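Written below as C-alpha cells is the structure these notes are about.
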Amino acid sequence: MDIRDNLEAILGRLGVDLTAWKGDDLIVRTPVTGEVIASLRASTPVETAGAVGRAREAFLAWRLVPAPRRGELVRRLGALLREHKGDLGMLVSIEAGKIVSEGQGEVQEMIDICDFAVGQSRQLYGRTIASERPGHRMMETWHPLGVVGVITAFNFPVAVWAWNAALALVCGDPVIWKPSEKTPLTALAVDALFREAVADFNDAPEDLSQVVLGGAAVGEVLVDHRDVGLISATGSTRMGAAIGPRVAARFGRCLLELGGNNAMVVAPSADLGLAVRAIVFAAAGTAGQRCTSLRRLIVHESIRAEVERRVSDAFASLPIGNPLLPGTLVGPLIDERAADAMAAAIEQAKSDGGRVLVGGERVAIEGAAGGSYVAPAVVSMPAPTQIVRTETFAPILYTLGYSDVADAISLQNDVPQGLSSSIMTGDMREAELFVSVTGSDCGIANVNIGPSGAEIGGAFGGEKETGGGREAGSDSWKAYMRRATNTVNFSDELPLAQGVRFGA
Ligand code: UN1
C-alpha cells in the first residue's frame, strides 16, 4: 500500500479529523520518501491565547478532582494507547522516519509513563516535619501548579508529550501541546485518543488537553503567557536559551530538555562484543537523531584500532533504507537540512585532521528519491576539536583515544552539554568512579550499556547546556506541582521560632 493510502487508513482508525486544520501553513512531508502527506493551518496567536484562557478555566475545575480519579483518566488513555499501539507507532514511523520497531517502542514509552503516572496519582506525598515548637506540627502539601505548556521536537514526537502530560494530568494540571512543525499529525492523533479517553469521563472539564500548531510565534504565546505555570520544552540549546529568560522574566517555571553530546568510554577490560552492539544501537539507531544518541567514543589506546575496526565493519553492514520495511535498521534523516548539516560537520572534522573510517555519504534508496538517507559515519579524531564538542543531529560517531581513565572522564565531561554518558568496563573500580562525584557530569551515567534508550522509571534530563530539567520517573512529578509548607499550632500558646520573644 502506498504511504498516503496507509496514512489515511491509520488516521481514520485513530479517529483523526483534519477538517478544522486544513490550510497551507504547515506542509508536512514524510521523511521516508519526502512526499507531502498533509497541509495544515497554524494556530493564530489569538487562538493560542484563547487556548490558554480555556486551559485556565479547566485548571480551576480539574484541580478539585481527587488525584487518584485524575489517574483513572490517564489509565484510560494508556488503555487506548495499548489498543492503538500498532497504528500510532506506524504513524510515528511515517511522520518521523523511525524504523517500525522504534516507532512501536515510542508508543510503548507512552504506555509505560501512563502506567507510572496512574500509580503516582496515589503517591503525591508530602512530608511531615518535626517542629521545634511544642504543640506544633509542620507538613508539606503539594498542590496542582496550573497550565502546562509542552513544546516538543520531531524526534520523539509523542513520547515526550506523554512524559509531561501523564504526570501533569495526575498532578491536576491541564496541558497545551505545541508539537514540532514537522510532526503535527502524530500530535493530532494523540489528541484524538485523548478525546476518546475523556469522552465519557464525567469529572473532566472541557479543554483539559489541547493542541496548538505552528512555529515560534505560537510557542512564544505560551512562553510569555502569565497563565502558563510551567513551560516544558524539548529541542535545541539555542531554543532553550531563547525560552528560558523569557519565562524567567515573568517568574514562570521552565523544564528544559535541550541538546546532548553523549559519550561512551570503552576501557580495556570491556566486553568488546557487548560494547560494539551498544555502540551501533546508540550511534546509528534512530539515524543518530536521539538527544541521547552516542556521538563521542572515547577508547583506550590499547584497543582503539580494534574497536574502530569492529564498529566500522558493523556500520558498513547496517541495512539502510525505507524504515517501514522489515529488516531496515537505519532510516532517513528528518530532512535535507539535517543531511547538509551532517555533510558540513564531516567536512569540518576532516579539516581538523579527522579520518572518516566508514560512511558519511548520501545513500540513494529505490522508490524514496525524496528522502534524505545517509550512511552512518565513524570519524577518527586526533583531538576533541570544536566540531566534536558540537551536537550535530545525525549519525556521526567521533572516536578519541585515552590512556588514563581520569583523562577519559575529563574528555567525557569537556563539552558544553551534559545529557547522557556511559562506560563499558569489567573493572568495578572504573565503573564506580564513572558514576561517582568525580565521574560523569551528566544527568544520565550508565555502566555497560549505551547512553540512549532510557526507561521511563528514572528521571530523564541533563546538566549544563542540556538545561537541567528532569522528566518522567523518580520524583519528576514535583515539577508539575507547587509546594506549600504548613505550620499548624494545636496548642494554646504562641511560641515563636528561634526563641524570639516579642512583647509579654
Ligand atoms: C529524546 O531524544 O528527546 O533515552 C528522548 C532515550 C529515549 C528518549 C530520548 N527514551 O533515548
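Please read these numbers as outputs of a predicted model, since none were measured by experiment. We count ligands from 1, going down the list as the structure has it; atoms in each ligand are counted the same way.
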W177 and W161 aromatic ring geometry - parallel, tilted or perpendicular at 30°/60° bounds: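 Parallel: the ring planes of W161 and W177 meet at under 30°.
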
I151 and its side-chain contact (heavy atoms from CB on, under 4.5 Å) partner, picked from V223, V160, L256: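 Per the side-chain contact (heavy atoms from CB on, under 4.5 Å) rule, the option paired with I151 is V223, out of V223, V160, L256.
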
Passing candidate, side-chain contact (heavy atoms from CB on, under 4.5 Å) with K178, options V211, V218, T48: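 In the set V211, V218, T48, the residue that makes a side-chain contact (heavy atoms from CB on, under 4.5 Å) with K178 is V218.
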
Using a strict cut-off of less than 4.0 Å between a Lys/Arg side-chain nitrogen and an Asp/Glu carboxylate oxygen, indicate whether [X] and [Y] qualify as a salt bridge.
| X | Y | value |
| --- | --- | --- |
| E391 | R296 | no |
| K85 | E106 | no |
| E463 | R470 | yes |

Put together the list of close N/O pairs, under 3.5 Å, between ligand 1 and the protein, could you?
residue	atom	partner	partner atom	Å
ligand 1	2 (O)	N155	ND2	3.0
ligand 1	2 (O)	C291	N	2.7
ligand 1	4 (O)	G453	N	3.3
ligand 1	4 (O)	A454	N	2.7
ligand 1	10 (N)	E109	OE1	3.4
ligand 1	10 (N)	E109	OE2	2.9
ligand 1	10 (N)	A454	O	3.2
ligand 1	11 (O)	R290	NH1	3.0
ligand 1	11 (O)	T292	OG1	2.6
ligand 1	11 (O)	G453	N	2.8

